[in-house]
Amino acid sequence: MPGARFLGTGLAVPEQVVTNDDLSRLMDTTDEWIRTRTGIRERRWVREGETNAGLAHAATLRALESAGLEPGRLDAIVYATSTPDHFAPGGGVYLQRMLGTGAIPSIDIRNQCSGFVYALAVADAFIRGGLYRYVLVVGAEVQSTALDVSTRGRNTAVIFADGAGAAVLGPGDGGRGILGYDLHGDGTYAEKLWVDAPGSMYHPRMSAGQIEAGRHFLEMDGKEVFRHAVTRMPESVRAVLAANGYTTADLALLVAHQANLRIAEMMQKALDLRDDQVYNNIERYGNTTAATIPMALDECARAGRLTPGDLVALTAFGSGFLWGSALLRW
Ligand code: UT7
């Protein structure tokens, strides 16, 4: 059975541009430090009123338009986010309500930076198995409201950002479609990149004391995450290529999770890829967690960087730790 293929993509980001200089007015940091360590120049952060599901909706409308489909043609939604608008329900139903699709099923994937790759695997399984024909896959995040913008939180606040990417998937055809996956998780490192509260293990789920202590902020051991990311992603890309009888020389494009430009550069070197085989946009958007891959794919598709039949790999690493790759014929 052929895997699902991309029929259309879309991207949406908040209006507000936050530059490195803007951040240096909030915390002890500099444009030079941020650019040198991460490659980021600016990112988008929501203003009050802009929401995770709202960004997902805007990205979805663009994806549907490029696929030439009306919302009513969608059979299911797979929504990757680690930052839903509410603790429950997840983002999928809010998006479904905004789209006015009718009572189609939706499923939220809470796999953080690897969320889109996992969401793709779920949507692909639905389509491959014949359960659904057109499945919307979304990666949407609002990280800015979980960032400590004081000097205490500067190692995460300068990296993470908001945005959404969407893709409409349909049945593969003529050799075009998803070829395979390489997916992993290792909870040994769960607390290396996490948000502690609110959590159902606490009574109540979040206390004034926890807020005081900043337990609701995204917390990361940056060095440890970096060390694993630069090993796991190249390893996973090689694995998915080898499992399908290819090498890195066969790749037209690698779209990797945009965590840090230095990670992307080390990965490019480790995989011996030319500049035209990789795509990075972290400079303009920062790290939007589950949204980075669909946002980058949309930019590549619209810029003519993807031609039908191209061999494309997607790879991600992040909180969990969870990581993995997908390989496809565009
Ligand atoms: O998307 C999911 C996966 N996430 C990632 O892959 C992120 C991986 N990690 C990273 O990208 C890097 O670890 C960071 C860019 C986040 C941090 O870089 P680092 O070189 O690992 O810095 P560090 O946290 O070890 O801190 C080194 C120094 C510290 O100062 P001292 O203790 O040496 O005096 C920090 O306080 O840099 C300081 N520092 C900063 N200085 C200015 C940390 N953040 C900043 C900042 N501005 N924003």
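Computed from a prediction, not measured in an experiment: that's the story for all the values here. The basis for the numbers below is simple: all heavy atoms, side chains too, and nothing from hydrogens, waters or symmetry mates. Start at 1 and go down the list; that is how both ligands and their atoms are numbered.
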Looking at Asn287, which atoms of ligand 1 are within less than 4.0 Å of one of its heavy atoms? 1 (O), 2 (C)

Shortest protein contact, atom 14 (C) of ligand 1 (heavy atom only): Ile159 CD1, 4.2 Å

Measuring from atom 7 (C) of ligand 1, which candidate in Glu32, Met220, Gln143 has the nearest non-hydrogen atom? Met220

Is_contact(atom 48 (N) of ligand 1), protein non-hydrogen, under 4.0 Å: yes

So, is Asn260 polar-close to ligand 1, with some N/O to N/O distance under 3.5 Å? yes

Is there at least one protein heavy-atom neighbour under 4.0 Å from atom 25 (O) of ligand 1? yes

Numbered atoms of ligand 1 (with element) below 4.0 Å of Arg37, judged on heavy atoms: 19 (P), 20 (O), 22 (O)

If we only consider heavy atoms of Gln112, is any one of them less than 4.0 Å away from an atom in ligand 1? no

Out of Met295, Arg43, Glu42, which residue meets the side-chain contact (heavy atoms from CB on, under 4.5 Å) rule with Tyr285? Met295

If we only consider heavy atoms of Leu193, is any one of them less than 4.0 Å away from an atom in ligand 1? yes

Can you tell me if CE on Met27 sees more than 12 non-hydrogen neighbours from other groups inside 6.0 Å? yes

Is Gly222 close to ligand 1, meaning an N/O of one under 3.5 Å from an N/O of the other? yes

If you compare Met233, Lys223, His228, Lys192 by their heavy atoms, the one closest to atom 23 (P) of ligand 1 turns out to be Lys223

Identity of the nearest option to atom 4 (N) of ligand 1, non-hydrogen atoms only, from Val225, Thr29, Thr288: Val225

Protein heavy atoms near atom 19 (P) of ligand 1, is at least one of them under 4.0 angstrom away? yes

Under a 4.0 angstrom heavy-atom cut-off, which atoms of ligand 1 come close to Cys113? 1 (O), 2 (C)

Within ligand 1, which atoms have a heavy atom of Thr38 less than 4.0 Å away? 15 (C)

In ligand 1, the atoms that come under 4.0 Å of a heavy atom of His257 are 1 (O), 2 (C)

Atoms of ligand 1 under 4.0 Å from any heavy atom of Ile263, numbered from 1 in the order shown, are 6 (O), 8 (C)

Does atom 37 (O) of ligand 1 have any protein heavy atom closer than 4.0 Å? yes

